Amino acid sequence: MSDKIFNGLNDKQIEAVKALKGPVLVISGPGSGKTKCLTHRTANLISNSVRPENILCLTFTNKAADEMQERIGHLLGRKYPTNLRWQFINPYVPLIGTFHSVCLKILRREIEILGYGRNFNVLDGDDQTALVKRIMNDIEIDTKRYNPRIILSKISGLKTELISPDNAPKNDFYSQLVARVFSQYQHQLKKMNALDFDDLISFTVQIFKTRPDILEKYQDIWQYVLVDEYQDTSHDQYQLIKLLSQKNKNIFCIGDDAQSIYQFRRADIRNILNFQKDYPEAEIVMLEQNYRSTKNIIAAAQEVISKNKSQISKELWTENDHGHKILIKETLNERGEANFVVQNIVNLANNGKSLNDFAVLYRTHAQSRAIEEALISHGLPYHIVGGIKFYERKEIKDILAFLKFINNPADAISFERIINIPPRGLGNAVLEKVSQKNESNIVEAMAQIIDDGLAPKQTNSLKAFRNLILDLRNRAATEKLTQLIKHVIEKTKYEEYLKSLSETKLAYENLEERSENLRELLTVAKKYDAAGNPSQDEETGLAKFLAEIALLQENPVADEVAQKVTLMTMHASKGLEFPNVFIVGMEEGLFPQNRAIIDPKELEEERRLCYVAITRAKERLILTHTKYRSIYGSTESNLPSRFIGEIPAHVADYKFFDFGNDEETINYL
DNA sequence: CTGTCGTTTATTTTT
DNA sequence: TAAACGACAG
């Protein structure tokens, strides 16, 4: 066992893996074997007689949690029964989960002391925006003048800083406005017995702070806490970790301040920069050896990131070859850029490279279009990571809204979504009446409105809708989840509705794909068919499904058979690697973005993003910029990105646009 | 309530 | 450029 744990590790990695007690911070450069370090250290704990159930491992994504689970199991050579995996205290495996999913589990047990019911709902981002909008309309704040999404983001900012509506700053008009919406927002959530993502964390912290007895219970369960991607933790997550590890002080954090690219999402880089201040006795390990990239790529990355001021100083190095020089190419415009990229892919692919070996990275999604067009015209298959997410598709959200409303008749957000889907002649008029009723059970409110009387047409329609919901609710109590979903689709005539949508010129998205998505939803749901019956305190398959779905916003992974070029934003590329990486749009104003140019803090974040993007490449790195680019319809001329200038000249080849010789001239003339 | 037409606005987004 | 939103007429 111990052989297996230390085999193939370098000295620094071994040092980290052997650091079992007390606070430990591991700074892990890109490609330095971070996951290996985390998993082997966890395995080492277990082989040193720490019980798996006493270990908690926190990640940011489900994907990271799954991967770690898989690798630890593999390392320990045990096949754990997967159905036990999500059990709260599991004698076989450490609890490995996202911050949000772990807090969800805690709150399912403890939330009653905050006056919420245990079966609370979790709102997704769209639900939140919808709620803020509704509140702003209710309290008569002009949503045109004050962007609800910005208000929501301010509210979310306050929540991550653990500030309650009462304590929200009210020193100017705008902050007063935010505070007013915030207060209503929390009120409405409570009425719906719903939590947003921020609440999952902050409520847990709140309980831990006010109830030392409860906190201690969890401290005794999780005597060892591990945190992945520590540079991305926000203030509330920081507090959570701090509280949990206060008693035993066995806190192991791993991350890389140079790869912190989510400050716009309230990641607080000070958490990692100040770790030593928080824990003066902390052991610090630096993983600086890179196993991924060539020397040239590492030199470029290192030189770029060195221009940042606030960082933990470190030097990436590698034993790999120097490899190819970094190719920096100027083209006439974005079409030329796209053709250049695709032409290079074609050439390399003809030399036997798999299309899976290529990634094209860009700063904004809008840039994908030109690349896609070029790929299509060359007949190369591709897939885009990110973009429209599965659970954000209209048809999925519609069906989920039905399920949520069936599950929780107080869910006003879902009710609002489905009341007229498919169109049944109900809308604002009914919504108004419902909110006047001040009755949190909306099925009840509907009955009252029917009694009060409406226009005959509407009354009938509302009756039919209410009966539909009642019928579905009855079914929910007895049927398996997939059966229930099939009934929702059937009884609402949802497929017919989709068909009618696809006939109007607006809905150019094809019907086939949407039906396919519904089938995919059924596939996901199938896993919950076996889950508990609605007896006792066991959750129903439906409730379990809804709770987990809310925390699972990624696309269900399709089994990739065909080879494809990968397109994605630089943000989405974090954690991935490809033999050949193209970074397009290396221009001032685009990357770094205009707004980052005037703000040193934001510029540093852009530079870290550049560092992340560069270090995705294993063998070949190609950067492109254009003389002219059309942005929002007008053509602009940008200077090459300063980041290009920061790459040492001796590791790069520069190719300038050659009018008359470059292929794009032909397109241009 | 529904569809159409003009107006507005424009990152990144693990949960 | 284009998608998304809100105002207004049917």
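All figures in this text were calculated on a predicted structure; none of them were measured in a lab. Note on naming: letters A, B, ... go to the chains in the order of the sequence lines (proteins, then strands), and numbering restarts at 1 for each one.
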Open item on the list: Under 4.0 Å, heavy atoms only, any strand: does A:Arg608 hit a base, just the sugar-phosphate, or nothing?
Closed with: nothing
- [ ] Would you indicate what A:Asn428 reaches in the nucleic acid, counting non-hydrogen atoms under 4.0 angstrom: base, sugar-phosphate, or nothing?
- [x] sugar-phosphate
TODO: Mind checking A:Tyr262 for me? I need base, sugar-phosphate or nothing, with any heavy atom below 4.0 Å counting as a touch.
DONE: base
- [ ] Round to the nearest Å and state the distance from A:Leu603 atom CG to B:dT11 atom P.
- [x] 19 Å
Open item on the list: Ignoring hydrogens and geometry beyond distance, is a side-chain donor-acceptor pair present between A:Asn271 and A:Thr233 at under 3.5 Å?
Closed with: yes
TODO: Would you please say whether a donor-acceptor pair under 3.5 Å links the side chains of A:Ser156 and A:Asp198?
DONE: yes
- [ ] Identify, with sequence neighbours excluded, every residue that meets salt bridge (charged side-chain N to carboxylate O under 4.0 Å, His left out) alongside A:Arg629.
- [x] A:Glu337, A:Glu587
Open item on the list: Can you check the distance between B:dT11 and C:dG6, where both ends of the measurement are the C1' atom (answer in whole Å)?
Closed with: 24 Å
Open item on the list: Between A:Arg369 and C:dA3, is there a contact of a side-chain N or O with OP1 or OP2 at under 4.0 Å?
Closed with: yes
Pair up each side-chain donor or acceptor in residues 427-436 of chain A with any protein partner under 3.5 Å, not counting sequence neighbours, and list the distances.
{"residue": "A:Ser435", "atom": "OG", "partner": "A:Glu432", "partner atom": "O", "Å": "3.1"}

Open item on the list: So, does A:Thr569 get its side chain near the phosphate of B:dT13, meaning an N or O under 4.0 Å from OP1 or OP2?
Closed with: yes
Open item on the list: Going by centres under 5.5 angstrom and planes under 30 degrees, do the aromatic ring of A:Phe60 and the base ring of B:dT15 stack?
Closed with: no
Open item on the list: Does A:Leu426 reach a base, just sugar-phosphate, or nothing at all? Heavy atoms under 4.0 Å.
Closed with: sugar-phosphate
- [ ] Look at all strands and tell whether A:Asp124 reaches a base, only sugar-phosphate, or nothing, counting heavy atoms closer than 4.0 Å.
- [x] nothing
Open item on the list: Can you list, in residue-number order, the parts of residues 586-599 of chain A that come under 4.0 Å of DNA chain B, counting heavy atoms only?
Closed with: A:Gln593, A:Arg595
Open item on the list: Do A:Gln128 and A:Tyr185 have side chains that approach each other closer than 4.5 Å (heavy atoms only, starting at C-beta)?
Closed with: yes
